[in-house]
There are 2 protein chains.
Amino acid sequence: MSRPRSDAERNRARLLDVAVDLFAEHGDQVQMGEVARAAQVGVGTLYRHFPTRQALVEAVAEQRFSEILAFAESECLPNPDTRAALTCFLTHVAQMHQTGRGLSGAIEATFGSTAPRGPLAIELLAIGDTLIRRGHADGTVRADITVDDLYMLVGALAMISRGDVGDWRRFIDITLDGIAPR
Amino acid sequence: MSRPRSDAERNRARLLDVAVDLFAEHGDQVQMGEVARAAQVGVGTLYRHFPTRQALVEAVAEQRFSEILAFAESECLPNPDTRAALTCFLTHVAQMHQTGRGLSGAIEATFGSTAPRGPLAIELLAIGDTLIRRGHADGTVRADITVDDLYMLVGALAMISRGDVGDWRRFIDITLDGIAPR
DNA sequence: AGCTTAAACGGAAACGGACTCCGAATCAGA
DNA sequence: TCTGATTCGGAGTCCGTTTCCGTTTAAGCT
């Protein structure tokens with residue numbers, strides 16, 4: 001268990017960087033070769049760091065989760081109006097999907113799998129939990145609604161905003177009405 | 001523009017039949033070769049009838065849409081309680097996705113594309129429209145909700161019930177609350 | 001600094017699956 | 001029954017992912 005070689009670490013970082021950009025721009029139909037070329041690296045190197053296409057996609061998703069997390073913490077949570085905070089959060093998720101389709105496949109992979117959730121996902125859950133609890137307290141959210149419900153809605157929102165299946169702003173409004181007390 | 005040869009017609013039907021079953025059982029990762037083999041036909045024949053994988057998937061989806069349609073007309077519409085009718089409809093869609101994952105890719109393809117909607121899809125829209133209107137009339141559905149909203153929810157439901165992203169029954173309840181008047 | 005070697009690199013080739021092509025087989029009208 | 005247009009079949013092409021292995025390089029040791 002020794003430290004990885006420094007060039008390896010740099011290459012990994014550059015690959016991820018480039019992949020995030022490419023996925024954001026061209027959706028997740030980007031080819032492995034392109035990523036390698038853009039990072040000025042052989043395919044072999046790419047595969048050393050991300051043993052499979054899926055792995056790369058997931059790493060990109062992880063990256064973007066962390067962006068969502070940061071945004072939610074700094075921009076949404078502080079808002080004292082819980083409904084507004086939830087809207088802020090969900091809107092950000094949707095926008096992040098509309099630009100940069102690359103995430104969506106991974107969302108599916110992450111939400112759809114029973115795989116052990118990464119630390120980032122756990123933090124995300126924590127934020128959701130905070131929002132839901134606040135909602136319980138101030139009457140924005142019905143008592144029987146849980147974080148799991150929220151993340152089910154997030155998953156749905158992700159799909160919708162990816163595929164132009166209607167207007168996701170309406171989806172947000174409708175579902176927030178749906179979890180509000182009657 | 002002459003009638004297709006009878007053997008061609010038979011082959012086409014058998015291919016579609018087999019494809020429906022295979023997709024239902026193994027999800028949409030079934031290979032073209034498998035479908036051809038299962039139908040006792042060469043790949044060439046398969047490609048004659050369905051010029052692309054996507055075309056086959058869509059044809060399968062069309063098939064299943066028609067099942068949904070039939071069920072909705074005979075089992076859901078007659079229910080005088082509009083909310084129950086909507087629940088019936090949405091539940092059926094979800095169940096159809098849970099078993100037989102094959103549909104979901106196609107749902108995405110159909111809902112996500114701006115392609116001209118087939119006649120079946122139009123009929124489905126009509127049913128949705130009927131339900132929404134009834135809801136407007138009897139106070140189950142808020143006045144500003146449209147069929148488009150309903151089908152956005154159907155799309156979302158499809159994704160959710162495919163991927164085990166939470167409990168779709170709750171999703172149905174939440175969204176029906178969301179489109180109800182305050 | 002030079003030596004050593006485990007680790008990382010690169011990219012040619014293997015692999016896998018969708019799709020094409022065209023000679024062989026088959027249907028249906030005269 | 002003959003004929004030729006239509007359909008069939010499946011070997012082959014294409015293209016993207018993944019593997020393999022000889023070459024290169026960072027970094028610890030002397």
Side-chain angles (χ1 to χ4, degrees), chain A residues 1-61 101-102 104-106 108-109 113, chain B residues 1-23 25-61 101-106 108-110 113 115:
Chain A
M1 276 244 137
S2 58
R3 217 187 171 64
R5 251 166 61 171
S6 63
D7 57 340
E9 215 154 12
R10 251 182 297 113
N11 277 333
R12 193 196 141 85
R14 189 138 40 82
L15 279 164
L16 190 52
D17 238 46
V18 162
V20 167
D21 287 355
L22 283 182
F23 279 132
E25 188 166 359
H26 304 294
D28 66 359
Q29 34 100 340
V30 186
Q31 288 160 231
M32 297 304 267
E34 290 181 58
V35 175
R37 202 165 334 111
Q40 319 211 56
V41 145
V43 260
T45 302
L46 171 51
Y47 274 90
R48 162 169 320 281
H49 294 298
F50 305 96
T52 192
R53 184 174 211 290
Q54 180 65 14
L56 177 60
V57 171
E58 271 167 26
V60 168
R101 307 288 164 96
S104 34
E108 224 170 319
S113 75
Chain B
M1 275 247 153
S2 57
R3 182 132 302 208
R5 250 164 60 173
S6 63
D7 57 340
E9 215 153 14
R10 248 181 300 112
N11 277 333
R12 193 195 142 84
R14 188 138 40 81
L15 280 164
L16 191 52
D17 237 46
V18 163
V20 167
D21 287 355
L22 284 181
F23 279 131
E25 188 167 358
H26 304 296
D28 65 0
Q29 32 100 340
V30 187
Q31 288 159 229
M32 296 305 266
E34 290 181 58
V35 175
R37 203 166 333 111
Q40 318 210 60
V41 144
V43 258
T45 302
L46 171 51
Y47 275 92
R48 162 170 319 281
H49 294 297
F50 305 96
T52 193
R53 185 175 209 291
Q54 180 65 14
L56 178 61
V57 172
E58 272 166 26
V60 170
R101 307 286 163 99
L103 185 47
S104 34
E108 224 171 320
T110 304
S113 76

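Below, read A as the first sequence line, B as the second, and so on, with proteins coming before strands; counting in each chain starts at 1.
Rounded to whole Å, atom P of C:dC19 lies 4 Å from atom OH of B:Tyr47. Protein atom CD of A:Gln54 is 19 Å distant from nucleotide atom P of D:dG16, rounded to whole Å. As rounded to whole Å, 16 Å separates atom C1' of D:dT17 from atom CZ of A:Phe50. Rounded to a whole Å, the CD atom of A:Gln31 is 6 Å from the C1' atom of D:dG16. Nucleotide C:dA7 holds its C1' atom 13 Å from the CD atom of A:Glu9, rounded to whole Å. Atom C1' of nucleotide C:dG10 and atom NE2 of A:His49 are separated by 12 Å, given to the nearest angstrom.
Considering only the side chain of B:Arg48, D:dC8 comes nearest among D:dC8, C:dT20, C:dG10. Taking every side-chain heavy atom of A:Arg5 into account, D:dT25 is the closest of D:dT25, D:dG9, D:dT17. For A:Ser6, whose side chain is taken as the heavy atoms from C-beta onward, the closest listed nucleotide among D:dC8, D:dT18, D:dA27 is D:dA27. Nearest to the side chain of B:Val43, among C:dG10, C:dA18, C:dT20, sits C:dT20.
Residue B:Arg53 places no side-chain atom within donor-acceptor reach of the base of C:dA18, judged by atom type and a 3.5 Å distance cut-off alone.
With the nearest nucleotide of DNA chain C identified for both B:Val30 and B:Asp7, B:Val30 has the one nearer the 5' end.
Rounded to 10 degrees, the angle separating the terminal helix axes of the helix from C:dA1-D:dT30 to C:dA30-D:dT1, each built from five base pairs, is 10°.
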